[in-house]
Amino acid sequence: MTRVRLLLIGPPGVGKGTQAGIISRKFGIPQIATGDMLRQEVKNASDLGTKAKAYMDRGELVPDSLVISMLEQRLQGKDAGKGFILDGFPRTVAQADALEIKFRELGIDRFLVIEFKVNEESIITRLSARRVCSKCGKIYNMLTEPPLKDGLCNECGSSLYQRDDDKETTIRERFKVYNSKTAPLTEYYANKGLLKTVRADGSIESINSDVTAIIEKAFHG
Ligand code: AMP
């Protein structure tokens, strides 16, 4: 099998992070998630994190220049030489163009883009029902896994809260941003013959078996 290099594209809450994690373990390649990297920068209160936070809280994209240089540096990491999964990058045509230049510089000429497709309203309902424990971080879903006592964590009894970017208005904003800025990338990559599309409404296992089959077919030789 040749080096597996994947770009995952999909709207917020589609489960691409979950799939990226499974593929990462299965194929022994790093999952490079720009959202996680940015959240870490915010936590560290770095210069980048301070600049990124306001955009993230509003559900907007962090400016291209900031995200592109962060990702370019990450791709130089030794572990990325074995292959990688980009989870949440690129999200704009400008990012895709910059990535193409970086790939050329790194001698990368083979990669695949997987688009995850879902019904928007069902994701909005699911995401806006998510609550997180303020102390231990345990995640609940008010529709499918509500806490035993209203508003309190089953594990530690602390209060639950809703992340700013899980609020319905923010989720709708993130979808709007996805449809206007990121969705055009599917045509961009389809025109290059690099796009595969997976329906992401099913179970984690069935989606993963579709994704694995695509990877094995594309990189087996
Ligand atoms: P995610 O965890 O991938 O949903 O990302 C969370 C937030 O981080 C997004 O709503 C954006 O504000 C920001 N972000 C993550 N990746 C990118 C990217 N490639 N370009 C711009 N902003 C990004």
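Excluded from the calculations below are hydrogen atoms, water molecules and symmetry mates; all remaining heavy atoms, backbone and side chain alike, are included. Counting starts at 1 for both ligands and their atoms, following the listed order.
- Judged by the 6.0 Å distance and 45° axis criteria, K192 is positioned over the aromatic ring of Y188.
- Here the rule is side-chain hydrogen bond (donor to acceptor under 3.5 Å, both in side chains) with Q19, and of N208, D210, T212 only N208 fits it.
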For ligand 1, what N or O to protein N or O distances fall under 3.5 Å?
{"residue": "ligand 1", "atom": "2 (O)", "partner": "R39", "partner atom": "NH1", "Å": "3.0"}
{"residue": "ligand 1", "atom": "2 (O)", "partner": "R39", "partner atom": "NH2", "Å": "2.9"}
{"residue": "ligand 1", "atom": "3 (O)", "partner": "R91", "partner atom": "NH1", "Å": "3.2"}
{"residue": "ligand 1", "atom": "3 (O)", "partner": "R91", "partner atom": "NH2", "Å": "3.1"}
{"residue": "ligand 1", "atom": "4 (O)", "partner": "R91", "partner atom": "NH2", "Å": "3.3"}
{"residue": "ligand 1", "atom": "4 (O)", "partner": "R174", "partner atom": "NH2", "Å": "2.8"}
{"residue": "ligand 1", "atom": "12 (O)", "partner": "E60", "partner atom": "O", "Å": "2.6"}
{"residue": "ligand 1", "atom": "16 (N)", "partner": "T34", "partner atom": "OG1", "Å": "2.8"}
{"residue": "ligand 1", "atom": "16 (N)", "partner": "R91", "partner atom": "NH1", "Å": "2.9"}
{"residue": "ligand 1", "atom": "19 (N)", "partner": "G88", "partner atom": "O", "Å": "2.9"}
{"residue": "ligand 1", "atom": "19 (N)", "partner": "Q95", "partner atom": "OE1", "Å": "3.0"}
{"residue": "ligand 1", "atom": "20 (N)", "partner": "Q95", "partner atom": "NE2", "Å": "2.9"}
{"residue": "ligand 1", "atom": "22 (N)", "partner": "V62", "partner atom": "N", "Å": "3.0"}

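- Among the candidates R172, R126, R131, R130, the single residue satisfying the salt bridge (Lys or Arg N to Asp or Glu O under 4.0 Å) test with D166 is R130.
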What side-chain donor-acceptor pairs closer than 3.5 Å can you find for residues 78-89, not counting sequence neighbours?
{"residue": "D79", "atom": "OD1", "partner": "R74", "partner atom": "NH1", "Å": "3.0"}
{"residue": "D79", "atom": "OD2", "partner": "R74", "partner atom": "NH2", "Å": "2.8"}
{"residue": "D87", "atom": "OD2", "partner": "Q31", "partner atom": "NE2", "Å": "3.1"}

*Dump the intermediate steps for side chain to side chain donor-acceptor pair (under 3.5 Å) on S128 and K167, then the final yes or no.*
CA-CA 6 Å; S128 53; K167 299 209 164 116; over 6 Å; no
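- Distance alone, capped at 3.5 Å, is enough to place a donor-acceptor pair between the N154 side chain and the L148 backbone.
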